[in-house]
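Note that ligands are numbered from 1 as they come in the structure, with each ligand's atoms numbered from 1 the same way. Side-chain atoms are counted along with the backbone in the values below, which use heavy atoms only and exclude waters and symmetry mates.
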Amino acid sequence: MSSDKQNNVKEMARQNGIVQPLLTDFYQITMAYAYWKSGKVNDTAVFDLFFRTNPFHGEFTIFAGLEECLKFLENFYYSDSDIEYLKQTLPATVEYEFYDYLKDLTCKDIKLSAIEEGSVVFPRVPLLRVEGPLIIAQLLETTLLTLVNFASLMATNAARYRMFAGKNVSLLEFGLRRAQGPDGGLSASKYSYIGGFDGTSNVLAGKMFNIPVKGTHAHSFVTSFSTLDDIHSVSLRHADCSRQCDFLKMVLESRERISEILDVSPDEASDGELAALISYAQAFPSGFMALVDTYDVKRSGLLNFCAVAIALNECGYRAVGIRIDSGDLAYLSVLARETFKRVAEKFDLPWFAKLTIVASNDINEETILSLHEQGHSIDCFGIGTHLVTCQRQPALGCVYKLVEINGQPRIKLSQDVGKVTIPGNKEAYRLFGADGHALIDLLQRSSEPAPEVGQKVLCRHPFQESKRAYVIPSKVEHLYKVYWNEGRICTAPKPLAEVRDRVQSSLKTLRQDIKRSLNPTPYKVAVSDNLYNFIHDLWLQNAPIGELF
Ligand SMILES: Nc1ncnc2c1ncn2[C@@H]1O[C@H](COP(=O)(O)OP(=O)(O)OP(=O)(O)O)[C@@H](O)[C@H]1O
Ligand SMILES: O=P(O)(O)OC[C@H]1O[C@H](OP(=O)(O)OP(=O)(O)O)[C@H](O)[C@@H]1O
Ligand SMILES: O=C(O)c1cccnc1
Ligand SMILES: [Mg+2]
């Protein structure tokens with residue numbers, strides 16, 4: 001087996017243990033019993049899973065969570081202890097044959113069609129279409145929603161950070177400590193990576209999903225050292241030979257020289273901080289990355305870092321960079337870059353000017369945009385709280401609605417037109433313009449022929465009669481593939497790295513004005529003329545006619 005395949009198998013095998021049939025709302029099980037009791041065991045249904053509004057005041061969403069949905073279908077069965085628990089929890093009047101029915105239940109008769117994971121998606125276009133026996137399709141509702149909602153929200157949030165940070169900056173996810181519990185933290189790491197982050201500090205996510213694990217060190221490492229006497233050993237082995245260097249002496253000498261260049265007195269710098277940086281460098285001479293804001297970036301952190309980095313260079317190692325975690329990140333990063341440039345010039349070490357500058361501390365979308373406007377020298381953002389808690393919008397509102405029962409369309413009416421469901425079994429197509437950009441998503445009845453390249457197609461707003469347009473597509477993408485059918489995965493979900501690439505390639509198909517931060521242009525989602533008439537006929541059939549006296 002190729003190592004790619006092995007990795008794929010390994011990834012697929014990793015089902016989050018908490019995802020199981022009882023991870024659902026109680027009403028799914030009570031409904032299952034009521035369906036069963038009312039003779040609906042052989043009824044077949046079609047459910048659509050979709051959202052109504054894009055998150056974060058944006059006009060696009062990234063669809064994620066499909067692979068986990070497939071693992072859920074694959075492993076769906078009620079264990080003996082699940083059945084035991086349900087017997088204790090449901091009323092004693094529930095007939096015992098229902099538990100026998102549940103015991104044999106699997107997803108073998110379910111068919112799941114979905115949009116490719118990592119694609120940009122839009123309101124009202126179903127992300128998943130679930131077809132099969134009514135009872136089992138109903139029982140899947142809550143778990144599928146919980147698997148798609150947070151995954152898609154998180155991937156969208158991360159993709160937005162990626163977009164606004166730009167290509168030249170790397171992004172690290174540092175959020176585990178602030179996430180909504182352990183499972184929220186793990187999912188956040190996974191879907192941040194899909195959305196375009198370059199690495200995570202979350203070690204378990206690294207192991208489970210093969211995400212690069214990255215990090216620096218905390219303030220506590222610095223504050224645990226008080227004086228130079230705290231240094232355990234003064235020496236460091238030279239990179240090229242077994243010779244031991246008197247590392248402490250070299251650091252102190254370079255600190256003297258650098259203090260003149262930077263016009264900062266070594267007396268102002270913290271010796272405790274220097275002891276900490278020396279100790280970290282001795283532990284990781286080839287990966288030295290230091291936190292420099294514990295006491296004072298300008299007067300202590302930068303001087304101490306440069307002193308250790310120059311001494312490391314004399315021992316044959318190249319330092320990696322610094323992290324700044326407080327203060328004015330624009331000003332301090334520019335100051336750090338100027339400092340590195342001056343040292344690079346004086347010591348004739350061009351690489352020193354390009355040392356990595358990581359910034360962290362409550363970073364969000366606005367901070368990144370503002371820092372870009374101000375000008376900064378940051379190479380990498382470490383982002384926790386705002387990213388993983390999706391502070392700007394903590395939930396995506398995907399819903400799961402019945403659109404067909406036993407071949408008959410179903411519509412859910414609402415005073416709020418936006419909440420009226422689009423009935424029937426449908427197909428979704430993305431129509432592209434001549435310049436390669438996506439123009440519109442078109443929903444049609446499944447019985448209609450697919451739109452064709454070069455052929456004029458009438459696209460209608462689902463609820464506003466006067467809003468319509470003819471589109472002549474240059475390319476037509478059928479959005480659904482069948483992923484699960486006849487009890488097995490029939491289209492293998494892509495490995496994480498490919499889903500991550502898909503996010504970027506899919507985002508490229510969107511016009512810039514749809515992706516901008518402030519007042520983005522909405523992307524159009526339309527229905528065919530046939531589907532429009534079908535919706536509105538059914539609407540009239542189902543809407544009661546009021547009487548006025
Ligand atoms: N140049 C900047 N422009 C806009 N926002 C910034 C800039 N520099 C930092 N910030 C943000 O401003 C906030 C500053 O945080 P805060 O007021 O807690 O101060 P602090 O620097 O962290 O102080 P402390 O030393 O107490 O940690 C953070 O959210 C940070 O991301
Ligand atoms: O700010 P976030 O985006 O959530 O990123 C993660 C934060 O976690 C770490 O310290 P922590 O916040 O635990 O302590 P500190 O604020 O005192 O640095 C790190 O230094 C960041 O500040
Ligand atoms: O490695 C880091 O620098 C890190 C990790 C988690 C949270 N804050 C920072
Ligand atoms: Mg903090």
Side-chain angles (χ1 to χ4, degrees), residues 56 153-154 157-158 160-162 164-166 169-182 184-189 191-193 195-206 211 213-224 270 272-273 276-277 280 289-302 305 320-338 356-394 517-518:
F56 312 119
L153 184 76
M154 204 49 248
N157 202 18
R160 293 175 64 87
Y161 277 91
R162 174 78 276 164
F164 298 129
V169 192
S170 62
L171 294 175
L172 300 179
E173 179 267 311
F174 280 174
L176 181 58
R177 66 192 60 200
R178 301 277 155 60
Q180 324 294 46
L186 197 59
S187 298
S189 303
Y191 295 109
S192 294
Y193 185 63
F197 271 59
D198 301 289
T200 177
S201 61
N202 182 341
V203 185
L204 184 60
I211 302 174
V213 174
K214 298 262 160 62
T216 67
H217 64 79
H219 293 110
S220 53
F221 187 81
V222 177
T223 53
S224 72
S270 160
E273 181 180 61
L277 299 198
Y280 211 67
M289 161 69 72
L291 184 56
V292 294
D293 71 325
T294 308
Y295 301 114
D296 188 307
V297 174
K298 185 172 180 176
R299 316 222 140 261
S300 187
L302 278 178
F305 168 78
V320 175
I322 58 164
R323 174 162 75 101
I324 307 169
D325 188 47
S326 57
D328 185 323
L329 299 172
Y331 167 75
L332 290 173
S333 65
V334 169
L335 175 79
R337 182 66 68 214
E338 280 168 2
T356 299
I357 300 174
V358 180
S360 53
N361 188 21
D362 253 332
I363 307 279
N364 60 22
E365 230 178 272
E366 286 79 23
T367 336
I368 292 177
L369 290 169
S370 166
L371 287 167
H372 280 358
E373 247 175 57
Q374 294 166 54
H376 64 82
S377 293
I378 297 161
D379 303 294
C380 172
F381 289 105
I383 310 178
T385 314
H386 288 274
L387 173 69
V388 305
T389 65
C390 298
Q391 204 154 6
R392 201 172 178 202
Q393 182 176 325
S517 167
L518 189 65

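- Of the protein's non-hydrogen atoms, Gly384 N, 2.8 Å is the one closest to atom 3 (O) of ligand 2.
- Minimum heavy-atom separation, Ser326 to Leu332: O-CD1, 3.4 Å.
- Ranking protein heavy atoms by distance to atom 1 (O) of ligand 2, first place goes to Asp362 N, 2.8 Å.
- If you check which protein heavy atom lies closest to atom 11 (P) of ligand 2, you get Arg178 NH2, 3.3 Å.
- Between atom 20 (O) of ligand 2 and the options Asp325, Ile383, Leu172, the minimum heavy-atom separation is to Asp325.
- Taking every heavy atom of both residues into account, Tyr161 and Ile363 meet most closely at OH-O, 3.9 Å.
- To the nearest 0.5 Å, atom CD1 of residue Ile324 and atom OG1 of residue Thr216 are 11.5 Å apart.
- With sequence neighbours excluded, the residues satisfying side chain to side chain contact (heavy atoms under 4.5 Å, CB included) with Val222 are His217, Glu273, Ala276, Thr294, Tyr295.
- Checked against Glu173 for a side-chain hydrogen bond (donor to acceptor under 3.5 Å, both in side chains), the options Ser192, Ser189, Ser201 give a single hit: Ser189.
- Residues Phe381 and Leu172 form no side-chain contact, since every pair of their non-hydrogen atoms from C-beta on lies 4.5 Å or further apart.
- Evaluation of the salt bridge (charged side-chain N to carboxylate O under 4.0 Å, His left out) rule for Asp198 yields Arg162, Arg500 as partners, not counting sequence neighbours.
- Atom 17 (O) of ligand 2 has as its closest protein heavy atom His219 ND1, 4.6 Å.
- The existence of a salt bridge linking Arg392 and Glu366 is confirmed by a sub-4.0 Å separation between a basic side-chain nitrogen and an acidic carboxylate oxygen.
- Between Leu277 and Ala290, the closest heavy-atom pair is CD2-CB, 3.7 Å.
- Residues that satisfy the side chain to side chain contact (heavy atoms under 4.5 Å, CB included) test with Asp325, not counting sequence neighbours, are His219, Leu291, Asp293, Arg323, Ser360, Asn361.
- Among Arg177, Glu173, His217, the residue whose heavy atom sits closest to atom 9 (C) of ligand 2 is Arg177.
- At least one heavy atom of Arg323 sits under 4.0 Å from some atom of ligand 2.
- At a 4.0 Å heavy-atom cut-off, the residues surrounding ligand 1 are Ser326, Gly327, Asp328, Leu329, Ala330, Asn361, Asp362, Thr367, Ser370, Leu371, Gln374, listed by chain and number.
- Of the protein's heavy atoms, Thr385 OG1, 2.5 Å lies nearest to atom 4 (O) of ligand 2.
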